[in-house]
Colleague: 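Questions regarding the structure given below will be posed in turn.
Whatever order the structure lists ligands and atoms in, that order sets their numbers, starting from 1.
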Amino acid sequence: MIALQGIEKRYGDTTALHEVDLTIQDGEFLAILGPSGCGKTTLLRLLAGFMNPTVGTIQFGEKEVANPRKSSKPEKRNIGMVFQSFALWPHMNVEEHVRFALKNHRFSNKSTANEQESRVTEVLQLVGMEAFRKRYPAALSGGQQQRVALARAIAPEPDILLMDEPLSALDAELRISMRKEIKQIHRKLGATIIYVTHDQAEALAMADRVLVMQQGRIEQADKPEVIYQRP
Ligand code: ADP
Ligand code: ADP
């Protein structure tokens, strides 16, 4: 379980988040929905541990990972991230991306080289990229590149997977089919996913719960069917 309590985040004069209280259950698929500037990325960056809140605490399970009253630095946490821009490395092929992610992670400390290689294969199969393992990013379509980014993020078995507008750079048809794929992957992994989007249809189609944000506040947090019936 992840718990955010009394979170406020200011950047100079701008208050990006006000009074955010939020609990996220293990295995939940939570979508954060709202217009540009409402604070979605700020919330994701706080969860990732890239910065501390100005006020408030963040807890991962029993562990307090952020508390600006006790420490100016957020604690490291075990997360995976997927970005809108894919952010692949041009000089690495598909399997090298996944291998690199495993090597630079605690997964490598508790597993043998053989186990790591089978994890590479397992994860590439999961995202449907096994047949492309020797390809470089330049020779992959947008959807395929995003599958590689997803494989890289999930390979080290993160506690949570943070996804920041992961489908926004893809064309409309592919976005719809990738929604289903990501849902299937979520079901297979049982991982906690926090998924930022400004696309209402996407949030409603994918998430267990949708957080609607407006000007730095959580306006509503409910199951998709409840959000959908809003006047
Ligand atoms: P969203 O992801 O929903 O578009 P953000 O979290 O990026 O929203 O931004 C929330 C608010 O905080 C906006 O008003 C934005 O201009 C401001 N903001 C975000 N990052 C910074 C920063 N590094 N410095 C100053 N203001 C920022
Ligand atoms: P998608 O069906 O995901 O939209 P594309 O239509 O872009 O993919 O590409 C179709 C096929 O062509 C894919 O299998 C992809 O791997 C391959 N492909 C795309 N771009 C290149 C490239 N620059 N070099 C080699 N193969 C490519």
Side-chain angles (χ1 to χ4, degrees), residues 2-24 28-60 65-69 71-77 79-88 142 145-146 149-150 153 158-170 172 175 178-179 182 186 192-224 226-228 230:
I2 299 163
L4 291 89
Q5 268 183 332
I7 298 288
E8 188 177 307
K9 181 66 191 179
R10 288 192 292 267
Y11 303 104
D13 296 338
T14 309
T15 304
L17 292 176
H18 308 262
E19 299 164 26
V20 169
D21 291 306
L22 173 66
T23 306
I24 303 159
E28 185 172 4
F29 193 136
L30 179 76
I32 302 176
L33 175 68
S36 180
C38 74
K40 303 184 295 295
T41 305
T42 299
L43 188 53
L44 213 58
R45 289 168 60 86
L46 288 171
L47 284 164
F50 294 159
M51 58 189 186
N52 245 353
T54 311
V55 180
T57 61
I58 302 174
Q59 208 149 325
F60 272 45
V65 292
N67 182 346
R69 292 167 66 185
S71 164
S72 58
K73 266 216 211 138
E75 300 251 348
K76 272 209 133 181
R77 53 207 86 167
I79 57 140
M81 286 201 83
V82 177
F83 306 94
Q84 177 177 352
S85 60
F86 319 143
L88 298 182
Q145 290 186 52
Q146 197 54 306
L150 188 57
D159 295 331
I160 57 168
L161 186 58
L162 302 174
M163 306 184 82
D164 193 359
E165 304 260 358
L167 304 183
S168 299
L170 306 176
R175 275 208 303 274
M178 292 272 308
R179 281 182 197 168
I182 292 175
H186 173 246
T192 307
I193 295 187
I194 299 170
Y195 189 104
V196 163
T197 181
H198 62 260
D199 182 336
Q200 177 170 328
E202 199 170 287
L204 294 173
M206 296 177 79
D208 298 323
R209 189 160 61 118
V210 180
L211 213 71
V212 182
M213 291 190 64
Q214 195 64 259
Q215 295 181 339
R217 291 176 201 277
I218 297 177
E219 205 182 57
Q220 195 180 2
D222 262 312
K223 290 193 163 81
V226 178
I227 304 267
Y228 194 66
R230 271 202 311 176

Colleague: Quick one: closest heavy-atom pair of Ala203 and Val210, and the distance?
Modeller: O-CG2, 3.8 Å
Colleague: Which residue holds the protein heavy atom closest to atom 6 (O) of ligand 1, what is that atom called, and what is the gap in Å?
Modeller: Thr42 OG1, 2.5 Å
Colleague: Got a protein heavy atom sitting under 4.0 Å from atom 13 (C) of ligand 1?
Modeller: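 It does: a protein heavy atom is found less than 4.0 Å away from atom 13 (C) of ligand 1.
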Colleague: What are the two closest heavy atoms between Gly80 and Pro158, and how far apart are they?
Modeller: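 Looks like N-CB, 3.4 Å.
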Colleague: If we count only N and O atoms by modelled type, under 3.5 Å, do the side chains of Thr42 and Tyr11 hold a donor and an acceptor together?
Modeller: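 Present: a donor and an acceptor within the cut-off.
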Colleague: Flag atom 16 (O) of ligand 1 as yes if some protein heavy-atom distance to it falls below 4.0 Å, otherwise no.
Modeller: no
Colleague: Is there side-chain contact between Ile79 and Leu47, with heavy atoms separated by less than 4.5 Å?
Modeller: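 A side-chain contact is absent here, since even the closest heavy-atom pair is not under 4.5 Å.
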Colleague: Find all atoms of ligand 1 within a distance of less than 4.0 Å from any non-hydrogen atom belonging to Ala16, and give their numbers and elements.
Modeller: 10 (C), 11 (C), 12 (O)
Colleague: Hey, is the main chain of Thr15 close enough, under 3.5 Å, to the side chain of Arg10 for a donor-acceptor pair?
Modeller: no
Colleague: Is there a heavy atom in Gly39 that sits closer than 4.0 Å to ligand 1?
Modeller: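 Gly39 counts as a contact of ligand 1 under the 4.0 Å cut-off.
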Colleague: Using only atom types and a distance under 3.5 Å, with no angle test, would you say the side chain of Ser71 pairs donor to acceptor with the backbone of Lys73?
Modeller: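 Side chain of Ser71 to backbone of Lys73, a donor-acceptor pair under 3.5 Å: yes, one is there.
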Colleague: Using a 4.0 Å heavy-atom threshold (strictly under), name the region of Thr14 that reaches ligand 1: side chain, backbone, both or neither.
Modeller: side chain
Colleague: Return the closest protein heavy atom for atom 4 (O) of ligand 1 as residue, atom name and distance.
Modeller: Gly37 N, 2.6 Å
Colleague: Distance to the ring centre below 6.0 angstrom and angle to the axis at most 45 degrees; does that hold for Arg45 and Phe50?
Modeller: no
Colleague: Considering heavy atoms of the protein only, find what lies nearest to atom 2 (O) of ligand 1 and give residue, atom and distance to 0.1 Å.
Modeller: Thr41 OG1, 2.6 Å
Colleague: So which heavy atom in the protein is nearest atom 25 (C) of ligand 1, and how far is it from that ligand atom?
Modeller: Tyr11 CB, 3.3 Å
Colleague: Under 4.0 Å from a heavy atom of Pro35: which atoms of ligand 1 are those, numbered in the order shown and with their elements?
Modeller: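 Numbered from 1, ligand 1 contributes 3 (O).
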